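In this chain, numbering begins with 1 at the start of the sequence shown. Atoms considered below: every heavy atom in the structure, side chains included; atoms not considered: hydrogens, waters and symmetry mates. Ligands are counted one by one from 1 in listed order, and the atoms in each one are counted from 1 as well. For clarity, every value in this text was computed on a predicted model and none was experimentally measured.
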Amino acid sequence: MTTVGIDKACFYSSHYFLDLKTLAEARGVDVEKFYTGLGQRKMAVSPPDEGVVTLAANAAHELLKDVDLSTIDTLMFATESGVDHSKATGIFVHKLLDLPPHCRVVELKQACYSATFGLQMAMSRLRENPKHKVLLIAADIARYGLGTSGESSQGGGACAMLLTANPRLLSIDPIAGFYTEDVMDFWRPHYREEALVDGKYSIEVYLKALAKAWEHYQTQVIEAKQPDSQYQDFQQFLFHIPIPKLAEKAYQKLTKLNKSPVNTTDAQAFLEPSLQYAREIGNCYTASLYIGLVSLLENHPDNLANQRVGLYSYGSGCMAEFFSGTIQPHYQQVLHTQFHRNLLDNRQELTQAEYEKFYTFEYPTDGSHVELPEYQTGQFRLSHLTDHKRVYQKARLGATAKAPGKLILSGEHSVVLGAPALATSIDLYTTTVISKHSLPGLVFDLVNIKHQNTHSAEALKLLKDKIKNKYTRFQQGEISIKQVLKKPFELAAYTASNAIDKFTQKEPKPNLHIHTDSQIPTGCGLGSSAAVIVSTNLALAEMLGKTPTEDELKALNIDAENLQHGQSSGLDVFLSMTGGTYYVQGETKTRLPHWGRKITLINTGTPTSATGECVAHTKAIFNQKPALLNQFAEITEQMHQAWQAQDLKLLKQAIKTNHQLLIQIGVVPDKIQALIEQIESHGGAAKICGAGAISGHAAGMVWVEGAEDFVKTLPHEILTVTPTEDGAKIV
Ligand code: HMG
């Protein structure tokens, strides 16, 4: 006969947990009652945007990574936490997993037992037709009510199993023993979110049903003349695990029934590998037995190949089944051990208040639209409820945006007073990667300024208000622009916190990791701050699922850019957002044809004066000599023509004249003037690009055309950039 069984199994549980010592303190109970008395250490707690659908989809997503989805013809979803009285919960999962339309979906219910029924149904089918593949998912969230005696035995999780012929994990035998009795040990009327339970009685029935199901199994074994299925033939036993202690008691009961009783310590030691995950997660109802199986296979120190396993499945109400199987020879090759360990090792512990907040979250029952706060829910989340419908979606795990730097070719300073400018985006980029983070607040990882730190939402709000206040004081002439941002990190902090406030009114604010890395040298007039701002705002919008208009993004970008430059002309932000080369006249920006020539830049170092200071200085000069503005306009026009005609000779002439004008407005330090004279004496042309400097010896970038051999001898950093057509984008 064809061997059938579980080919692979994988579970998923919440990213959040409550340590039972926290619960014990809150309820005034000795923690040892939970740790030792129940054998339970932690319980998984689901945030409002998680539920059986997302837990199940996450487990199956990992399970099916290397499986051809078109081969799965049935999805059985076993749960007692279904989200609809009519529609099968698994249909939501079917969509999230992109399963084929010819895959049937059905929901099964009988308390914690139904997954076992699903398993056996699939086995019968596979024995008849070994080509089929069945996805069986058991998923539940155990809820008993705050302050009830069942509270400490809550938990939640899903176990996804691929059921096939010739399975690689566990083959399932054709015979099984059953026991059904109408009892009210645990139940949940339709109108309740929490189960009702007669705790002590439920334990009694669980153990009684074990004896009855085992007895029936033995009669089946004898009838079927099934070899290797007497008590002594089993090397492993697995039990439904409402609390680990009960599984230990069940094992003791079974050993006693078979006249080889073991003591409590031996029972605990024997079952320990199968109980390890349950101690961390809590009761997962339908999934518990199967998470126990995964736990055994992943945590037992020995190679269990070919060992016989007896399994006890129990569902209150009650229905019990004892069945059996054999661990397959190469089972270790199909385990998801690392996935499970990572899942459990990287969870976030909740305080009692946080747990109760999750627990008491109220979903609308009147059909109103509610967007759910975003927590860590793996690959999928419940996004919103609207019109009595639940909307699930793939969770946004991260967003990456890239924004280019810029080069002012002509018209720096004069542009602030309305003269034209010629500027281009260049192929140096700032990349911002946003991902979810489990710790509260924002984690900044700003590579270029070597800033790595976590900032709480409260701290960021305070910082943002402080910076805004200082900017107002700058506008009133009380402080200089250099005093507005105290540390380089503050620009990124302000940008992110401002954007998050604009994009989401929801509390709590999302916990995010913001990683920014830039190829653009800072403080050299190449638009590094604009690129940081633009890439951060764009990545945040994407991450938070927002689609702001160009104008909304621009306003956010300029708001942050002002902190750096006093009164931003908006040009750096514009170029970073759109890419391309532009002739700019007031609000009119004319895109020029792409001239993909390499531009050589000499980095003369960061100017000691800020852009804002230079702008203030040149404004005064333009006021004194208004004719200079026209001269700047003319030279920009000449350069514009040179660019359009791609005329290098005309371009060089324009650069020389432009340089002379920049000297007249006092932004070219003596040392830089001397350097440019040398370049000119070697047949080249050069000018500063950007604000320049009104003090010190450095003036940021100097653009050089020609004099290549001389430039090579200079001690400065030499950069070669190319105008780019690409503006900021999500990558
Ligand atoms: P409880 O009344 O809170 O606890 O209920 P307790 O007083 O029975 O104490 C528990 C154990 O801790 C006892 O050990 C105490 O002695 C010990 P035991 O005597 O049983 O061996 N203890 C201590 N140990 C060390 N230091 C201390 C200390 N204090 C006490 N200081 C109960 C516990 C499980 C009943 C409760 O959590 C509950 O009602 N849970 C929900 C129901 C349940 O899990 N039932 C299990 C069988 S039914 C089932 O499995 C089906 C189910 O999964 C649902 C489904 O089918 O869908 C639930």
Side-chain angles (χ1 to χ4, degrees), residues 18 20-21 23-41 43-44 52 78-82 108-117 138-157 159 179-189 192-211 213 238-253 263-265 267-268 275 278-279 281-292 311-321:
L18 184 73
L20 291 193
K21 75 171 180 301
L23 185 68
E25 265 166 39
R27 304 289 177 240
V29 173
D30 179 357
V31 65
E32 284 314 315
K33 173 174 173 180
F34 299 155
Y35 281 1
T36 311
L38 304 184
Q40 192 70 48
R41 295 198 73 81
M43 65 189 199
V52 282
T79 187
E80 54 179 294
S81 320
L108 304 168
K109 185 180 75 182
Q110 179 5 67
C112 300
Y113 164 73
S114 61
T116 303
F117 178 81
D140 272 303
I141 294 178
R143 284 170 67 93
Y144 291 96
L146 298 178
T148 64
S149 67
E151 187 181 24
S152 51
S153 61
Q154 296 178 137
C159 188
Y179 180 73
T180 304
E181 185 185 344
D182 181 5
V183 290
M184 293 303 277
D185 61 332
F186 165 104
W187 67 105
R188 182 162 72 88
R192 284 184 63 96
E193 289 297 321
E194 285 87 27
L196 294 167
V197 64
D198 188 341
K200 300 271 184 321
Y201 177 55
S202 70
I203 290 174
E204 212 178 280
V205 184
Y206 171 107
L207 292 172
K208 173 185 165 188
L210 166 65
L238 290 167
F239 301 89
H240 166 52
I241 317 168
I243 46 168
K245 198 47 170 257
L246 188 53
E248 290 163 20
K249 284 186 179 172
Y251 178 58
Q252 281 184 279
K253 169 123 190 171
N263 64 28
T264 312
T265 316
Q268 193 178 330
L275 300 180
R279 293 193 201 287
I281 297 172
N283 195 356
C284 303
Y285 295 160
T286 48
S288 289
L289 172 65
Y290 298 97
I291 293 177
L311 299 97
Y312 174 58
S313 180
Y314 176 79
S316 282
C318 74
M319 164 70 216
E321 177 168 336

Does any non-hydrogen side-chain atom of [Y] lie less than 4.5 Å from one of [X]?
X     : Y      : result
Glu80 : Cys112 : yes
Lys21 : Tyr35  : yes
Leu38 : Ser152 : yes

Would Lys208 and Glu181 pass as an ion pair if we require N to O under 4.0 Å?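 Between Glu181 and Lys208 there is a salt bridge, with a charged N closer than 4.0 Å to a carboxylate O.
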Can Arg143 and Glu194 be counted as an ion pair, charged N to O under 4.0 angstrom?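 So Arg143 pairs with Glu194 through a salt bridge.
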For Phe239, give me all partners under ring pair (Phe, Tyr, Trp, His ring centres under 6.0 Å), at least two apart in sequence or on another chain.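 Expected list: none.
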Could you go through ligand 1 and list every pair where one of its N or O atoms sits under 3.5 Å from a protein N or O, giving the atom names and the distance to one decimal?
{"unit_1": "ligand 1", "atom_1": "2 (O)", "unit_2": "Lys200", "atom_2": "NZ", "d": "3.0"}
{"unit_1": "ligand 1", "atom_1": "3 (O)", "unit_2": "Lys33", "atom_2": "NZ", "d": "2.9"}
{"unit_1": "ligand 1", "atom_1": "4 (O)", "unit_2": "Lys33", "atom_2": "NZ", "d": "3.4"}
{"unit_1": "ligand 1", "atom_1": "8 (O)", "unit_2": "Lys200", "atom_2": "NZ", "d": "3.0"}
{"unit_1": "ligand 1", "atom_1": "20 (O)", "unit_2": "Lys249", "atom_2": "NZ", "d": "2.5"}
{"unit_1": "ligand 1", "atom_1": "21 (O)", "unit_2": "Lys249", "atom_2": "NZ", "d": "3.0"}
{"unit_1": "ligand 1", "atom_1": "31 (N)", "unit_2": "Asp30", "atom_2": "OD2", "d": "2.9"}
{"unit_1": "ligand 1", "atom_1": "37 (O)", "unit_2": "Ser149", "atom_2": "O", "d": "3.1"}
{"unit_1": "ligand 1", "atom_1": "40 (N)", "unit_2": "Ser153", "atom_2": "OG", "d": "3.0"}
{"unit_1": "ligand 1", "atom_1": "45 (N)", "unit_2": "Ser202", "atom_2": "OG", "d": "2.8"}
{"unit_1": "ligand 1", "atom_1": "50 (O)", "unit_2": "His240", "atom_2": "NE2", "d": "3.3"}
{"unit_1": "ligand 1", "atom_1": "53 (O)", "unit_2": "His240", "atom_2": "NE2", "d": "2.8"}
{"unit_1": "ligand 1", "atom_1": "53 (O)", "unit_2": "Asn283", "atom_2": "ND2", "d": "3.1"}
{"unit_1": "ligand 1", "atom_1": "56 (O)", "unit_2": "Cys112", "atom_2": "N", "d": "3.2"}
{"unit_1": "ligand 1", "atom_1": "56 (O)", "unit_2": "Ser316", "atom_2": "N", "d": "2.8"}
{"unit_1": "ligand 1", "atom_1": "57 (O)", "unit_2": "Glu80", "atom_2": "OE1", "d": "3.3"}
{"unit_1": "ligand 1", "atom_1": "57 (O)", "unit_2": "Glu80", "atom_2": "OE2", "d": "2.3"}
{"unit_1": "ligand 1", "atom_1": "57 (O)", "unit_2": "Cys112", "atom_2": "N", "d": "3.1"}

